[in-house]
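See below for the structure under consideration.
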Amino acid sequence: MIERTSASDVIVVGAGTAGAVMAARLVEAGLRVAVVEAGPDYGSYRSGGWPTELLDAGALPETHDWGYRGQGAGGQRLAFERARVIGGCSAHNGCAQLAGWRGDYDAWVASGCPGWSCEELRPWFAGSIERLRVRRFSPEEIQPFQRGFLGAAVAAGVPFTDYVDDLDGEVGCGPEPVNVVDGIRWNTAFAYLDPVRDRRELTIVAEATVDSVLIANGRAFGVRTRVAGQPRELRADLVVLCAGVYGTPEILLRSGIGPAADLAELGIGVHVDLPAVGANLHDQPASQLEFAGTERLRGELEQFARTCWLPEEQALAKIASPMADGPFDLHVYPWVEPDEAQPAGWRCVVPVGLLTPKSRGRLRLRSADPGERAEVDHAYLAEAADVAALAHGVRWALQVVRQPEIAGYLGSPLRFPPDPHDGVLDKWIRSTHAHYWHPAGTCRMGSDPAKGAVVDARGRVYGVRGLRVADASVFQRLPRATPALPTAVVGERIADLILRPRSG
Ligand SMILES: Cc1cc2nc3c(=O)[nH]c(=O)nc-3n(C[C@H](O)[C@H](O)[C@H](O)COP(=O)(O)OP(=O)(O)OC[C@H]3O[C@@H](n4cnc5c(N)ncnc54)[C@H](O)[C@@H]3O)c2cc1C
């Protein structure tokens, strides 16, 4: 039997990075909101029920993963981690909080999306930075390996800045701004949902995977979901999909919104033939130099940990390849990780991530079954320019690792290009690359569905009334940043557009 509930004005699907922001802002405005999340809800931070590994900002947890898998340019198997828990990826990510470069937001407006310019978004960035309690590490908080990297980056020609995320900034290196409070990953559930958890307007429906949107006469009126294995229909005047770059297009496709031929092949009835759902998928590919670590590294990390919190990642360099269409296009973001297989017990990683990939892939459903993950094809490095940009970054990283400030920590190379010359290096990059964990773009915002748009500049899905998208899937092109903060801002901005329909 299907249970039907109709006590909400708005259903927010996914209580992740953007979803928690969306739900909180609508509740604060007095709307009755049901937020439907596939993963568990561990309650407020104060309740003390959160698993330690999700709280500990010092390392990336491997629990609560949705289990998406795919491949890189050389056919290598890659995991595409996404968190299935209240707070979404903000509850398991690396905590770097960057806005990027102003020109990327201004380009969004130039492509037909008014209201998304850098100047218009600045107040939302400032608000999210405050809510997420973003701060910068002081010099004495920087652990020895990270300090060594910053010294080496300066020696390799990139200036130090203690404000590495200036929206007007150029190349530079410095400590990452982070949403870490006393070693705790301050996720969007803590920052946004906790203050409204006691409001009667908010209902959190956890461990409920949304199958599809209920649509009649071109209007969304709820969602079909399963709670504790039981089918349930929830109804509301507005449905906002915040299920992330993979989850949101999956739900749209299962709802009959997507490329008609693909839907027909899977036996899904078509509501709207919207070819771009699942297209424009892009991620920031990354090439990693890896080293076995040294006794000196082990000793200095141990000594540091006696008096200070020891995070794995802290420093960032922004550099520009000849392919850059702005002041920089590459991030280098080194980390150390415990590795029992190495003699010193640590592995050192010096990755180079391309922020502005040109390659575009696609997400496709394998079946109409919500229990089956979609096929995710990022088409990494399909464009030669992406390989060339990464090669530039790898050559710079090779200079960095030779500097005395860092060399004494690195030890034997575990993953290292055999030869820095063009053909060999390109081949090595293709066959060994990983990614920066930043997929986006599958429900692209734009002014014309015939030209690849899925939602308009207010997040409204073309062809269906009462249905919006607000998460990392709306980016036309990732800003040259880490995307958590820009995604929280997407949540803020679209919530405001819902609440103030005449604004923007
Ligand atoms: C390992 C890792 C490290 C990262 N590090 C950083 C970093 O340091 N800095 C940074 O800026 N970015 C980082 N990112 C990326 C960043 O966290 C994400 O880009 C961003 O959080 C995405 O936000 P979102 O709201 O689009 O999706 P999410 O935060 O993923 O939220 C989607 C939510 O929807 C839920 N959901 C999905 N499908 C359904 C369904 N069918 N029914 C109900 N609920 C559903 C999910 O469980 C999830 O809670 C990292 C990502 C990973 C995986």
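This is a predicted model, so every value here is computed, not measured. All residue numbers refer to positions in the sequence shown, counting from 1. Hydrogens, waters and symmetry mates play no part in the numbers below; they use all other heavy atoms, side chains included. As the structure lists them, so they are numbered: ligands from 1, and atoms in each ligand from 1.
One option in Ala243, Gly16, Ala38 has a heavy atom closer to atom 44 (N) of ligand 1 than any other, and that option is Ala38. Of the candidates Ala96, Ala18, Ala15, the one placing a heavy atom closest to atom 8 (O) of ligand 1 is Ala96. Considering each of Thr248, Thr209, Asn93, the one bringing a non-hydrogen atom nearest atom 16 (C) of ligand 1 is Asn93. Among Val12, Thr482, Leu60, Leu478, the residue whose heavy atom sits closest to atom 10 (C) of ligand 1 is Thr482.
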Going through the checks in order, is the salt bridge (charged side-chain N to carboxylate O under 4.0 Å, His left out) test met by Asp211 and Arg254? CA-CA 7 Å; Asp211 170 3; Arg254 288 195 296 263; 3.4 Å; yes
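Residue Ala91 places every heavy atom at 4.0 Å or more from ligand 1. The closest approach between any non-hydrogen atom of Val85 and ligand 1 is below 4.0 Å. At least one heavy atom of Trp66 sits less than 4.0 Å from an atom of ligand 1.
For the ring pair (Phe, Tyr, Trp, His ring centres under 6.0 Å) with Tyr436, the lone residue among Phe80, Tyr380, Tyr333 that qualifies is Tyr333.
Qualifying ring pair (Phe, Tyr, Trp, His ring centres under 6.0 Å) partners for Phe221, counting only residues two or more places apart in sequence or in other chains: none.
Among protein heavy atoms, atom 11 (O) of ligand 1 sits closest to Ala484 N, 2.7 Å. Closest to atom 20 (C) of ligand 1 among all protein heavy atoms lies Thr17 OG1, 3.7 Å. Protein heavy atom nearest atom 52 (C) of ligand 1, with residue, atom name and distance: Trp437 CB, 3.5 Å. Scanning the protein heavy atoms around atom 49 (O) of ligand 1, the nearest turns out to be Glu37 OE1, 2.6 Å.
Of all the heavy atoms of Ala440, none lies under 4.0 Å from any atom of ligand 1, so neither backbone nor side chain is involved.
Side-chain contact, Arg224 with Ser212: a donor N or O sits under 3.5 Å from an acceptor N or O. Remark: the Ser117 side chain and the Asp106 side chain contain no N/O donor-acceptor pair separated by less than 3.5 Å.
Ligand 1 has an N or O atom lying under 3.5 Å from an N or O atom of Gly94, backbone or side chain. When only interatomic distances are considered, the shortest N/O to N/O separation between Gly87 and ligand 1 does not fall below 3.5 Å. The distance criterion of under 3.5 Å between nitrogen or oxygen atoms is not met by Val245 with respect to ligand 1. Geometrically, ligand 1 and Val13 share no nitrogen or oxygen pair separated by less than 3.5 Å. On a distance-only criterion, Ala472 and ligand 1 share at least one N/O pair closer than 3.5 Å.
Enclosure of atom CG in Asp168 by more than 12 non-hydrogen atoms of other residues, nucleotides or ligands within 6.0 angstrom is indicated.
In summary, the atoms of ligand 1 found under 4.0 Å from a heavy atom of His92, numbered by their order in the structure, are 52 (C), 53 (C).
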